[in-house]
There are 2 protein chains.
Amino acid sequence: MDEIDRNITVALQLDGSAGLAELAKVAGLSVSATAERVKRLEERGVIRAWRADLDPVAAGCPLLVHILVTVAPGKDEAAFRKAMRRQAAVLECHAITGDWTYLLKVRLADLPALDAFLNDELRAQSGVQRVGTLLAIATVKETSILPVAPADPEE
Amino acid sequence: MDEIDRNITVALQLDGSAGLAELAKVAGLSVSATAERVKRLEERGVIRAWRADLDPVAAGCPLLVHILVTVAPGKDEAAFRKAMRRQAAVLECHAITGDWTYLLKVRLADLPALDAFLNDELRAQSGVQRVGTLLAIATVKETSILPVAPADPEE
DNA sequence: GATGTTCCGGTCAATTTCATCCATCGGGCG
DNA sequence: CGCCCGATGGATGAAATTGACCGGAACATC
């Protein structure tokens with residue numbers, strides 16, 4: 001994971017369809033050497049997948065909501081996590097520090113869908129004690145480009 | 001944006017490197033017809049880009065923090081937004097309803113980096129009145145796969 | 001301390017696969 | 001009956017994959 005690998009990963013996050021020729025230029029290597037690097041990044045699990053990046057609005061999910069949840073400790077929690085994983089609308093679910101237990105990122109089509117989600121999916125879960133809803137009014141920035149760290153010299 | 005387009009977009013979000021042949025099978029169309037669909041999805045802006053999906057830990061950003069920020073109303077706000085857009089560590093920045101003004105999603109290498117971010121980048125911004133930090137202890141789910149809505153018949 | 005060997009990584013060339021383009025055909029609608 | 005949209009098939013072209021060769025570094029040997 002040297003400087004070259006970092007340049008490659010950044011470039012591939014920005015545009016994975018550019019092709020090896022152009023990637024080789026930013027990497028400063030030959031085409032096949034660049035292909036070797038990319039292959040190794042995949043094998044090492046740094047690159048998990050190649051994905052199409054969709055426009056949420058065009059895809060029919062204009063509503064973005066972050067939901068804070070307090071779940072009572074106990075074995076209900078496993079069921080809660082499983083339910084969150086099953087829900088396609090739940091893009092993220094993190095256990096967090098502070099007054100709340102979980103933070104969800106949810107994308108929905110409209111407010112009725114939000115109402116249905118809160119009542120039927122979330123509050124219906126046993127153990128859920130408190131729900132806080134943070135509706136996104138405007139999205140200033142939303143990217144999946146990871147700031148690839150300068151990384152430790154080893155490895 | 002019919003049923004076929006929805007199947008295609010879902011499949012391409014899951015794996016964009018499969019190739020047209022396999023995609024055509026899940027779409028139930030010929031290869032060239034499928035290619036035509038994908039091309040139109042790109043032209044219409046539904047598909048914004050093709051990206052490599054990285055493992056955050058392997059990429060050197062194991063720390064995930066959501067930060068709630070209260071910003072004083074005024075023209076400082078434009079500067080704040082611009083600063084957030086500039087910061088590579090800030091993956092998302094949403095203006096939200098409720099007691100807080102903004103919700104950030106930030107990825108960092110370690111706690112010192114978080115400390116530096118909070119002090120040097122966030123609290124240094126004029127207008128920032130209150131900062132709440134939600135550190136992710138565990139990530140139950142984190143995906144970028146949009147739940148492509150059944151969509152309105154028109155368009 | 002110098003030399004030879006082995007391994008890792010990069011370059012170059014050849015093969016093969018894949019996507020794109022173009023012409024044709026069938027179905028639906030005016 | 002004619003027009004238009006969408007699907008099929010084949011040909012062209014560019015891309016990725018594979019293999020063999022070359023150079024440098026690390027280690028062991030002399």
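Below, each value reflects all heavy atoms present in this structure, side chains not excepted, and no hydrogens, waters or symmetry copies. Residue numbers start from 1 in every chain, and the chains themselves are labelled A, B, ... in the order their sequence lines are given, proteins ahead of strands.
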What integer distance in Å separates A:Glu22:CD from D:dA14:P? 16 Å

Salt-bridge criterion met for B:Glu42 and B:Lys39 (N-O under 4.0 Å): no

Do we get A:Arg130 above A:Trp100's six-membered ring, with its NZ or CZ under 6.0 Å from the centre and within 45° of the axis? yes

Table of protein N/O atoms under 3.5 Å from nucleotides 24-29 of chain C N/O atoms:
none

Checking the side chain of B:Lys105 only, and the main-chain atoms of B:Leu91 only, is there a donor and an acceptor separated by less than 3.5 Å? no

Taking the side chain as every heavy atom from C-beta outward, state whether B:Leu64 and A:His94 have any pair of such atoms under 4.5 Å apart. yes

Can you tell me the distance, in whole Å, between the CG atom of A:Leu12 and the C1' atom of D:dA16? 14 Å

Step through the shown structure and confirm whether more than 12 heavy atoms of other residues, nucleotides or ligands are within 6.0 Å of CZ on A:Arg40. no

Across nucleotides 8-16 of chain C, 5' to 3', mark each nucleotide with B, S or - according to how protein heavy atoms within less than 4.0 Å reach it. -SSBB----

Rounded interatomic separation in angstrom, taking CG from B:Leu20 and P from D:dG9: 16 Å

Return yes if some donor-acceptor pair links the side-chain N/O of B:Ser30 with the main-chain N/O of B:Ala33 below 3.5 Å, else return no. yes

Answer whether the closest heavy-atom distance between the side chains of A:Leu114 and A:Leu118 falls below 4.5 Å. yes

Assess the residue pair B:Glu22 and B:Lys25 against the criterion (salt bridge (Lys or Arg N to Asp or Glu O under 4.0 Å)); give the C-alpha distance rounded to whole Å, side-chain angles, the decisive distance to 0.1 Å, and a yes or no. CA-CA 5 Å; B:Glu22 193 165 339; B:Lys25 285 193 288 186; 5.7 Å; no

Rounded to whole Å, NZ of B:Lys39 lies from C1' of D:dA7 at a distance of 16 Å

